[in-house]
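This structure is a prediction, so every number in the text was calculated from the model and none was measured. Order of appearance sets the numbers: ligands from 1, and atoms from 1 within every ligand.
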Amino acid sequence: MKYISTRGGCAPQNFEHVLLTGLAPDGGLFVPENLPKLSTREIEEMRSLDYPDLAIKIISPFINGEIPDSDLREIVRESYNGFGNSEIAPLRKLSNTEYLLELYHGPTLAFKDFALQVLGRLLNYVLEKKNKQVVILGATSGDTGSAALEGCRHSERVDIFILHPHNRVSEVQRKQMTTVCGDNVFNLAVEGNFDDCQRIVKAAFADQSFLMDDKQLVAVNSINWVRILLQIVYYFYAALKLGSPRQKISFSVPTGNFGDIYAGYLAKLMGLPIDRLVVATNKNDILHRFISKNEYSVTALNKTYSPSMDILVSSNFERYLFDLFGRNSEALCEFMANFGKEPLSVEEEQWAQVKSCFDSASVDDAKTCRVIREIFDKNGILVDPHTAVGIQSARDCAEKSTAPMVTLATAHPAKFSEAIRAVGLDEPELPHHLSDLLSREERYSIVPNELAAVASFIKAHS
Ligand SMILES: *Cc1c(COP(=O)(O)O)cnc(C)c1O
């Protein structure tokens with residue numbers, strides 16, 4: 001299997017290349033040239049597999065034999081060893097039709113661990129083989145940073161630079177990043193918002209001439225295809241638990257960069273009987289406006305209780321638009337060039353195609369708090385604000401699907417105590433391995449909101 005760029009300007013690439021880069025050289029995102037299609041029987045046969053074996057089964061066709069099976073097995077099994085729940089992604093029942101898929105049992109307590117634990121090990125494996133050093137550069141709205149540091153810091157083959165928006169991540173999120181030790185770890189607090197961080201990272205990838213000794217940048221954001229790939233797995237895992245392939249399942253996904261839900265869309269294309277995919281957004285609702293009104297336009301950024309979704313422009317949406325435009329790169333380039341200048345829409349037929357797969361909702365902070373309270377009172381479960389946005393969105397869209405609805409519980413509530421306090425509930429305790437987090441020593445640098453400042457920092461420290 002080869003990978004092509006959404007912008008159509010570069011030759012097809014192999015898996016290793018896609019793993020070791022970020023943006024394609026033409027500024028596009030890599031996507032598989034074609035997807036493996038699984039038959040009902042093949043999906044049925046996956047029912048007996050545990051999580052790591054299911055992951056290996058699903059990702060293997062995408063790796064194309066570039067990593068020997070036995071090595072891949074070891075990498076994947078080791079990646080999920082450190083999870084605090086033996087089921088890795090346990091499913092909890094909320095009501096007869098509603099479920100939660102708990103994706104926060106990894107070392108940094110958010111779903112980002114599912115991909116970044118594997119990505120870090122794959123990187124190290126390939127870099128050892130090639131005898132290469134690279135610079136990892138990532139932007140985080142809070143959770144990618146710590147998961148990337150945790151997944152990659154043990155590799156002597158990488159220097160890691162993580163940009164987060166200064167004063168716009170939660171205290172636990174910040175400390176999870178800034179207390180990671182290591183000569184190869186650098187946290188930069190950018191005086192701007194997450195979109196500024198993301199813009200700087202994209203610009204750095206587009207022109208890497210500031211790097212020394214022909215090093216290259218590697219992405220840990222979901223512009224890196226491998227992030228998406230590993231997230232396809234838990235859609236299968238949850239659906240199989242609930243009776244797929246015979247049973248259809250719907251999912252509600254708290255969405256920021258459209259990475260997680262894009263993985264669900266791919267699972268559907270691969271043959272998993274997914275009924276509806278609900279795009280759950282907070283007040284930053286560009287995707288909800290697009291899906292419900294065919295209007296794609298930026299507005300001002302709102303700061304919310306679910307900061308990991310405080311994003312104006314979802315980078316992975318380009319991957320979906322590429323499919324929506326019939327994989328026509330020219331049409332995609334034109335659409336992207338006009339974005340930001342005027343509100344955009346797609347043709348009626350295309351919009352109908354969007355709505356045949358996706359529903360959407362936007363949930364404000366007041367509703368988010370109400371749901372946290374309600375789930376706590378009724379079910380005795382404390383959900384984090386991102387998950388609460390997912391649950392409420394699922395309910396808002398409930399009449400569109402009769403299939404069981406699984407909301408992805410994307411983070412542990414202890415990461416977002418501000419919202420929990422606002423609801424008037426006791427702050428949840430951090431799991432044992434993080435119990436002294438708040439008293440650990442922090443290390444980070446504040447930098448101006450500009451590429452030049454970030455580039456010179458990286459040059460001086462890599
Ligand atoms: C990253 C994140 C999201 C958004 O995921 P995307 O793949 O960017 O859409 C939602 N919830 C939490 C807790 C996150 O960390």
A student checking ligand 1 against Gly259 at a 4.0 Å heavy-atom cut-off should list atoms 6 (P), 7 (O), 9 (O)
Which residue supplies the protein heavy atom nearest to atom 15 (O) of ligand 1, what is that atom called, and how far is it?
Asp143 OD2, 2.4 Å
Sole residue of Phe416, Tyr104, Tyr305 in ring pair (Phe, Tyr, Trp, His ring centres under 6.0 Å) with His386:
Phe416
Within this structure, what is the CZ-CG distance for the pair Phe111 and Asp260, rounded to the nearest 0.5 Å?
4.0 Å
N/O to N/O below 3.5 Å, does that happen between Asp260 and ligand 1?
yes
Quick one: which ligand 1 atoms are inside 4.0 Å of a heavy atom on Ala411?
13 (C)
In sequence, state the C-alpha distance, the side-chain angles, and the governing distance for Asn284 and Asp310, and then conclude on side-chain hydrogen bond (donor to acceptor under 3.5 Å, both in side chains).
CA-CA 6 Å; Asn284 299 297; Asp310 288 350; 3.0 Å; yes
Of all the heavy atoms in Pro254, does at least one lie under 4.0 Å from an atom in ligand 1?
yes
In terms of side-chain geometry, is the basic nitrogen of Asp196 or Arg199 positioned less than 4.0 Å from the acidic oxygen of its partner?
yes
Option with minimal heavy-atom separation from atom 8 (O) of ligand 1, where the choices are Asn257, Asp384, Thr281, Asn316:
Asn257
Of all protein heavy atoms, the one nearest atom 4 (C) of ligand 1 is Gly256 N, 3.5 Å
For ligand 1, which atoms have a heavy atom of Ser308 less than 4.0 angstrom away?
2 (C), 12 (C), 14 (C), 15 (O)
Sort out for me which residue in Tyr235, Tyr320, Phe251, Phe322 forms a ring pair (Phe, Tyr, Trp, His ring centres under 6.0 Å) with Tyr265.
Tyr320
If you measure every N or O of Ala110 against every N or O of ligand 1, does any of those distances drop under 3.5 Å?
no
Heavy-atom donor-acceptor pair, Gln117 side chain to Phe114 backbone, under 3.5 Å:
no
Under-4.0 Å heavy-atom contact with ligand 1, by part of Phe111 that carries it:
side chain
Is the distance from the ring center of Phe317 to that of Tyr296 below 6.0 Å?
yes
I'd like to check Val454 versus Phe457 (side-chain heavy atoms, cut-off strictly below 4.5 Å). Are they in contact?
no
Which residue and atom name correspond to the protein heavy atom nearest atom 11 (N) of ligand 1, and how close is it?
Thr410 OG1, 3.0 Å
Could you please spell out the steps behind the side-chain hydrogen bond (donor to acceptor under 3.5 Å, both in side chains) verdict for Ser5 and Asp26?
CA-CA 8 Å; Ser5 165; Asp26 60 359; 2.7 Å; yes
Taking only non-hydrogen atoms of Lys112 and a 4.0 Å limit, the atoms of ligand 1 in range are 1 (C), 2 (C), 3 (C), 14 (C), 15 (O)
Atoms in ligand 1 with a heavy atom of Thr255 nearer than 4.0 Å
9 (O)
